[in-house]
Amino acid sequence: MCGIFSYFGPKTNIEELITGGLMNLEYRGYDSWGIAYKTAQGIEIEKEIGKISDRVLSNNSQDTGLETNIAIGHSRWATHGGVTQANAHPHFSADKNIVLVHNGIIENFFELKEELKKGGVEFVSETDTEVFAHLISLYLHEGFEEAVKKALAKVHGRFAIVVICKDENKLIAARVGSPLIVGIDKEQNEYFIASDIPAFLKHTKDVMYLDDGQMVTIDQNGAHFYDMESGKRIEKRIVTIDWDLESAEKGDFAHFMIKEITEQKNTLHRAINQDAGLILELAECIKNAYGTFLIGCGTAGKVCMVAEYLFAHVAKRHINVAFGSEFNHYKHFIKDKSLMIAVSQSGETADTLEAIEVAKGKGANIASILNVETSTMARISDFVLPVKAGPEKAVASTKVTTSQIAILTLLAYALADRLEEGEQLLIAAAGQINDMLNPRYERHIKALADKIYHSESMYIIGKDMNYPIALEAAIKLQEVSYIHAEGFAGGELKHGPIALISEGTPVIAIVANDEYKQEILSNAMEIKARGGYIIGVSPENSEIFDYWIKVPDAGNASPIVNIIPIQILAYYLSLLRENNPDMPRNLAKSVTVK
Ligand code: M6R
């Protein structure tokens with residue numbers, strides 16, 4: 001987590017430049033921020049608790065007195081040490097010669113810290129990052145690059161760093177497991193190093209990727225990449241990316257979350273218009289694999305669970321599903337002919353990446369279903385199915401979720417040699433969603449939010465492929481409304497959780513028009529008999545429902561249509577409870593730490 005943005009070039013409006021870049025990375029972490037830049041006198045640092053987007057820019061454009069400006073910035077999601085100004089990045093070495101920003105975790109920081117303390121170093125923060133700054137400064141007499149290399153050799157973990165040195169006109173960055181991308185504007189002779197592309201999209205679309213185990217030095221002579229262990233130079237290709245700035249901005253919408261929910265009118269079409277060749281190829285891989293393992297975390301994990309049902313019903317195929325963090329016990333069953341399919345929005349989730357590494361180590365084939373096609377996961381996969389939903393910036397996943405389910409639905413149909421039928425099913429669902437997403441529909445859901453926003457707890461029940469949707473609905477409600485929400489398989493309630501129901505407890509019953517309809521309605525009835533307030537998400541009304549949210553009858557695409565009204569409900573509950581739906585407390589968009 002944490003966002004890194006750094007600059008090397010002639011621009012002088014450092015404060016505005018770095019603030020703007022970091023604001024586009026805020027989804028990665030937003031509890032504090034900081035900026036460091038070189039001046040003729042040394043290095044200046046400014047850091048604060050809170051969101052960079054709340055920063056009021058001063059009117060002075062800093063005159064650094066330098067021809068080339070060098071600056072680093074950071075937006076933090078705390079791991080080691082609380083949210084304090086001292087723990088905010090950038091971090092100085094004790095002698096103030098080195099300053100750096102860091103994303104990730106240094107696993108052996110405790111031992112390193114003790115060692116440095118014994119050598120007389122005084123620590124001013126509780127972070128693992130500070131260790132890095134002191135280590136580099138310790139070796140600085142051997143030269144800046146060499147010092148960074150030596151410090152890197154001492155630390156263990158997954159991380160990315162960008163470093164500046166008081167006496168050098170260069171930026172050095174290194175990557176071990178956490179993303180860093182170099183943006184380049186050759187005409188201006190300027191460079192950006194950031195955790196993600198939107199940070200510098202305003203300035204350039206030309207990028208070079210830093211891979212794991214690589215370093216880059218940027219100075220007046222350009223960007224030089226090399227292997228951090230051997231020191232061997234690496235030639236990099238400049239890639240021009242095709243993202244447009246508009247899709248990464250809010251436009252007329254109050255928040256990214258509602259913008260992205262609304263975009264589902266189009267994103268599903270993009271997922272359906274997927275290259276059929278890729279779907280058929282992956283289906284073939286599944287057919288030939290000795291076991292398929294579908295993995296993801298959080299919402300992506302719930303998408304995998306939906307797929308487990310779809311593959312069983314549509315293609316009569318069993319696939320193994322696990323959360324990235326709970327994959328380890330499966331490792332005994334991975335063979336060189338196994339297939340792992342990773343599902344992820346960001347392609348940077350540490351738990352998913354680790355499961356991929358295990359499977360790769362055993363020789364398995366790796367496929368991934370990803371939104372960020374430039375991500376680490378894309379680069380280490382043998383096969384990538386792009387989700388093509390465009391940048392998703394709100395922490396709560398919405399449009400990418402439904403696109404991922406759509407792609408997995410196509411895959412299930414392709415496995416059953418009925419791809420065209422799957423496409424028709426989804427085209428119909430996309431049309432229905434287009435009709436459904438209108439202001440009147442939103443108002444109807446907002447009216448429900450008005451009734452229940454004071455609730456302490458909410459429950460969601462579903463069955464079969466809508467059981468994982470009940471779990472996903474709970475994540476959406478938890479993330480942005482902070483109401484205690486839990487999803488259950490409808491049939492499981494009577495085995496324990498029904499004890500939680502009391503007078504007026506809101507319970508969402510997801511009632512698809514399938515063979516389980518009567519069963520889930522009976523479960524809703526049992527809840528109603530105990531005082532529950534039943535919100536039906538269903539194509540048809542029922543006397544059991546106290547509030548009905550109509551959804552289209554979408555057959556096997558019901559998981560896609562059913563989650564959308566609950567996304568809208570979560571959004572309005574969040575507003576009524578005065579939360580920021582785009583940046584919920586304690587969360588970050590990409591979870592790049594274990
Ligand atoms: O980028 P990923 O899809 O791999 O992220 C996985 C989860 O962290 C993510 O889905 C998370 O649960 C979302 N914030 C849910 O809305």
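Numbering of ligands and ligand atoms starts at 1, following listing order.
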Side-chain donor-acceptor pairs under 3.5 Å in residues 574-588, sequence neighbours left out?
residue	atom	partner	partner atom	Å
Arg577	NE	Ser481	O	2.8
Arg577	NH1	Tyr453	O	2.7
Asn579	ND2	Val480	O	3.0
Asn579	ND2	Ser481	O	3.3
Asn580	OD1	Asp582	N	2.9
Asn580	OD1	Met583	N	3.3
Asp582	OD1	Phe256	N	3.2
Asp582	OD1	Met257	N	2.9
Asp582	OD2	Phe256	N	2.8

Checklist entry - Is there a donor-acceptor pair under 3.5 Å between the side chain of Lys476 and the backbone N or O of Ser397? => result yes
Item to check | Considering all heavy atoms, the nearest Val182-Phe200 contact | outcome: C-CZ, 4.2 Å
Item to check | Partners meeting salt bridge (charged side-chain N to carboxylate O under 4.0 Å, His left out) with Arg270 (sequence neighbours left out) | outcome: none
Item to check | Atom-level proximity to ligand 1, residues with heavy atom under 4.0 Å | outcome: Cys297, Gly298, Thr299, Ala300, Ser344, Gln345, Ser346, Thr349, Val395, Ala396, Ser397, Lys476, Glu479, Val591
Checklist outcome for this item: Contacts satisfying salt bridge (charged side-chain N to carboxylate O under 4.0 Å, His left out) that involve residues 449-459 (not counting sequence neighbours) are Lys446-Asp450
Next on the checklist: Is there a side chain to side chain contact (heavy atoms under 4.5 Å, CB included) between Ile508 and Tyr459? Walk through the geometry before answering.
Outcome noted: CA-CA 6 Å; Ile508 301 177; Tyr459 303 101; over 6 Å; no
